[in-house]
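Here is the structure we will look at.
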Number of protein chains: 2
Amino acid sequence: MPENLRVSSRPRVTLRDIAAHAGVSRSTVSLVMQESSLVAESTRQRVRDAIDALGYVYNRGAATLRSPRTATIGVVVHDIANPFFGALMAGIDETLQDADYVPFLASSGDSLARQARFLARMREHRVDALLLCPAEETPASLIETIADWGMPCIEVMRHVGPSPLGDYVGADLRTGIANAVRHLIALGHRRITLLAGTADHSADRERLAGYRQAMHEAGLDDLSRIVRGPLTRCAGREITLELMRGDDRPTALICHNDLVALGALLALSHLGLRAGQDCAVVGVDDIDEAALTDPALSSIATHPRSIGRRAAELALKRIRTPDGERERIVLDAPLMVRASSQPSLARPQESP
Amino acid sequence: MPENLRVSSRPRVTLRDIAAHAGVSRSTVSLVMQESSLVAESTRQRVRDAIDALGYVYNRGAATLRSPRTATIGVVVHDIANPFFGALMAGIDETLQDADYVPFLASSGDSLARQARFLARMREHRVDALLLCPAEETPASLIETIADWGMPCIEVMRHVGPSPLGDYVGADLRTGIANAVRHLIALGHRRITLLAGTADHSADRERLAGYRQAMHEAGLDDLSRIVRGPLTRCAGREITLELMRGDDRPTALICHNDLVALGALLALSHLGLRAGQDCAVVGVDDIDEAALTDPALSSIATHPRSIGRRAAELALKRIRTPDGERERIVLDAPLMVRASSQPSLARPQESP
DNA sequence: ATTCCGTTTTGGATCGATCCAAAAAGCTGT
DNA sequence: ACAGCTTTTTGGATCGATCCAAAACGGAAT
């Protein structure tokens with residue numbers, strides 16, 4: 001290993017040094033750093049040369065002290081280990097990089113305390129905006145509190161309260177689920193079970209609403225059944241095993257997300273049942289695996305990367321125009337029909 | 001939507017206000033904010049009360065201007081959408097939150113330009129340390145450059161150059177792969193193909209080295225075969241299909257990661273072959289799916305969350321003692337044997 | 001030559017914390 | 001009461017940028 005000789009207290013290059021080297025004032029250099037159009041092209045070039053020559057590093061901390069902009073954004077998700085949020089974050093990151101913004105990231109783990117702590121930190125760092133997928137049980141007042149702080153906040157995928165108060169970007173799961181139910185009904189299914197989560201947040205309520213609505217439309221209210229459990233592959237498997245062992249078995253399952261749906265597929269194959277033939281399965285998110293399982297999994301596509309991009313774009317816009325009209329961007333969540341709910345494989349399970 | 005009336009230019013509460021309210025000097029308040037032990041308990045309490053009463057928000061930008069510490073860390077991975085890095089990030093996040101640090105995150109997408117840009121930004125923000133999973137083709141000089149900046153840097157999972165120059169946290173893939181090869185040989189396999197990536201980085205080279213070493217030990221150099229391709233599920237599938245159609249089929253596949261391995265499983269089942277019986281498959285990473293496929297996938301566990309935690313801990317340590325001895329933390333990567341390489345299912349495919 | 005006006009440039013004040021050397025306050029023990 | 005400690009507290013200088021009102025510049029028109 002090469003010796004780690006650190007030049008103790010190397011004199012730091014500042015705006016002042018650049019100004020001296022380029023023969024202009026500090027103000028001018030500052031304007032160049034801000035890409036201001038006020039500076040004459042020739043001067044700008046001279047300053048740029050000085051910056052390169054001296055190896056100047058812009059000190060954003062110092063800049064922040066005077067100006068309100070920090071070129072940073074805070075992102076809160078509830079579990080970054082979940083591939084859905086990984087993809088979401090990738091979309092956010094992509095958009096922010098183009099705008100020279102950098103994101104702070106935190107996983108709340110659906111803990112209100114962790115979420116609050118991180119938000120406090122974001123305030124201290126004076127981020128320009130917040131992208132928030134609120135933790136379960138987040139009180140509706142939080143959004144107002146954040147607004148009081150003067151910090152733009154975009155809710156992503158979930159929102160507190162019955163409908164988004166401010167800016168929001170999400171997927172139209174209500175319609176997505178309703179369409180899935182209609183699709184299954186068209187295939188002859190009647191006993192359609194919804195595997196939902198145990199938590200009570202908007203994304204969960206929307207799924208429920210879509211399910212109820214479509215079942216109701218078809219006059220199947222009495223057959224509607226909702227089963228709650230953890231949202232993991234394992235839980236999906238266990239719950240499905242149990243469901244299929246009962247007498248009143250469903251002929252179709254709509255799962256809260258693809259992880260649960262993959263668990264359901266495992267359970268079916270374990271029981272010697274063929275998904276799509278003996279029991280239809282539909283997931284949510286359309287993660288990469290979905291197309292590659294056997295049989296391939298029908299899934300409602302939520303396009304996390306696009307949602308991330310849209311959310312980040314909206315945040316940047318809100319930073320530019322803090323008092324602009326609030327926006328609610330709800331992306332389509334189309335059903336990707338695959339073998340696990342294939343028409344050709346369907347057969348009526350019972351007459352209505 | 002409630003009106004968005006923003007109190008324009010609400011007077012900001014500063015240290016000075018707290019000092020006045022608590023009847024002490026600014027310096028004392030500052031010491032309280034820094035949790036210094038110099039302040040008497042009674043004074044500390046008075047200051048805390050004032051902070052609560054006035055709703056003071058610490059201004060980290062201002063603090064940064066004077067002190068070298070920012071309580072931020074920069075994290076570069078090459079693809080945050082990859083579940084492996086999601087889990088890694090979760091580990092990092094966990095550890096940092098306990099230390100009241102916040103991470104900046106960027107996905108380099110294995111682009112040197114994006115990586116360089118983000119690093120420049122991190123320098124401007126004066127992060128206290130860097131966790132870096134270097135993009136492919138990153139020149140060895142980068143680590144020295146970063147050291148020159150006076151910024152501690154922990155390489156994670158990958159390192160530039162033949163061996164890590166400075167701090168490093170990773171998994172012992174070399175031994176992990178070698179053990180997997182030995183395991184397969186013990187089961188009677190001889191034609192063991194390695195499905196490697198196309199990129200040339202340390203994590204790839206280590207896998208190769210482990211493979212070569214174990215094949216060599218067994219005197220199977222001539223049978224060793226390495227196939228390169230993209231590291232996706234699809235690619236794993238396609239490559240496996242092609243391999244199995246050739247005459248000189250392998251009896252076992254070791255895949256660069258689990259995604260590729262899952263692709264391989266799909267290919268086998270598509271060909272009517274039974275993984276673990278007609279062809280053994282071993283993956284790397286031991287992602288959640290691995291245990292739940294059918295047949296379950298043998299995999300070399302890399303424990304991304306632990307690696308993230310260890311890396312973050314090391315970074316915090318390096319911040320405290322910048323000139324401490326450099327550390328190389330290499331975690332075990334044990335082979336999780338499952339049905340896709342089950343002893344009981346194995347049968348000698350050919351005599352040596 | 002002078003005035004006018006749009007384009008560039010500038011110096012000083014300022015943001016809100018930390019650092020540091022020195023002062024003040026509290027203890028002991030004589 | 002005072003010297004000699006240790007424990008707390010303090011005021012000014014300082015970090016490195018931005019903001020802003022005013023000055024300098026340069027060309028065109030009078």
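Here is the naming used below: chain letters follow the sequence lines, and residue numbers restart at 1 for every chain. These numbers come from a predicted model, not from an experiment.
- Considering only the side chain of A:Pro68, D:dC19 comes nearest among D:dC19, C:dT9, C:dA17.
- The separation between A:Leu15 atom CG and D:dC19 atom P is 12 Å, rounded to whole Å.
- Remark: P of D:dT9 and CZ of B:Arg44 are 9 Å apart, rounded to the nearest angstrom.
- Counting only heavy atoms from C-beta outward, the side chains of A:Val75 and A:Met89 approach each other to under 4.5 Å.
- Under a cut-off of 6.0 angstrom, the local environment of CZ in B:Arg310 is sparse, with at most 12 non-hydrogen atoms contributed by other residues, nucleotides or ligands.
- The base of D:dG11 lies close enough to the side chain of B:Ser27 for a donor and an acceptor atom to sit less than 3.5 Å apart.
- Residues B:Ile146 and B:Leu130 meet the side-chain proximity criterion, which asks for heavy atoms closer than 4.5 Å.
- The shortest distance between side-chain heavy atoms of A:Val156 and A:Ile307 falls below 4.5 Å.
- Within the 4.0 angstrom heavy-atom criterion, only backbone atoms of the sugar-phosphate kind lie near B:Ser67; the bases stay farther away.
- Between A:Arg12 atom CZ and D:dG16 atom P the separation is 7 Å, expressed in whole Å.
- Residue B:Leu38 contributes atom CG, which lies 16 Å from atom C1' of C:dG26 at whole-angstrom precision.
- Contact check, A:Thr14 against D:dC15: no side-chain N or O comes under 4.0 Å of OP1 or OP2.
- Here C:dG16 presents its P atom at 13 Å from CD1 of B:Ile18, a figure rounded to the nearest Å.
- Within a heavy-atom distance below 4.0 Å of DNA chain D, the residues of residues 57-66 of chain B found are B:Leu65, B:Arg66.
- Mapping B:Arg126 and B:Gly23 onto DNA chain D by nearest heavy atom places B:Gly23 closer to the 5' end of the strand.
- The side chain of B:Ser25 contributes an N or O atom lying less than 4.0 Å from OP1 or OP2 of D:dT10.
- Counting to the nearest Å, the C1' atom of D:dA17 and the CD atom of A:Glu35 are 16 Å from each other.
- One finds a side-chain N or O of A:Gln34 lying less than 4.0 angstrom from the OP1 or OP2 phosphate oxygen of D:dC19.
- Side chains of B:Arg117 and A:Gln97: a donor-acceptor N/O pair is absent below 3.5 angstrom, by distance only.
- When the P atom of D:dC20 is taken as reference, atom CG of A:Leu31 falls 12 Å away, rounded to whole Å.
- Scored by the ring-ring contact (aromatic ring centres under 6.0 Å, His included) test, B:Phe104 finds A:Phe104, B:His125 as partners (sequence neighbours excluded).
- A:His201 and A:His78 have tilted rings, their planes meeting at an angle from 30° to 60° on a 0 to 90° scale.
- We find that CZ of B:Arg16 is positioned 10 Å from P of C:dA17, with the value rounded to whole Å.
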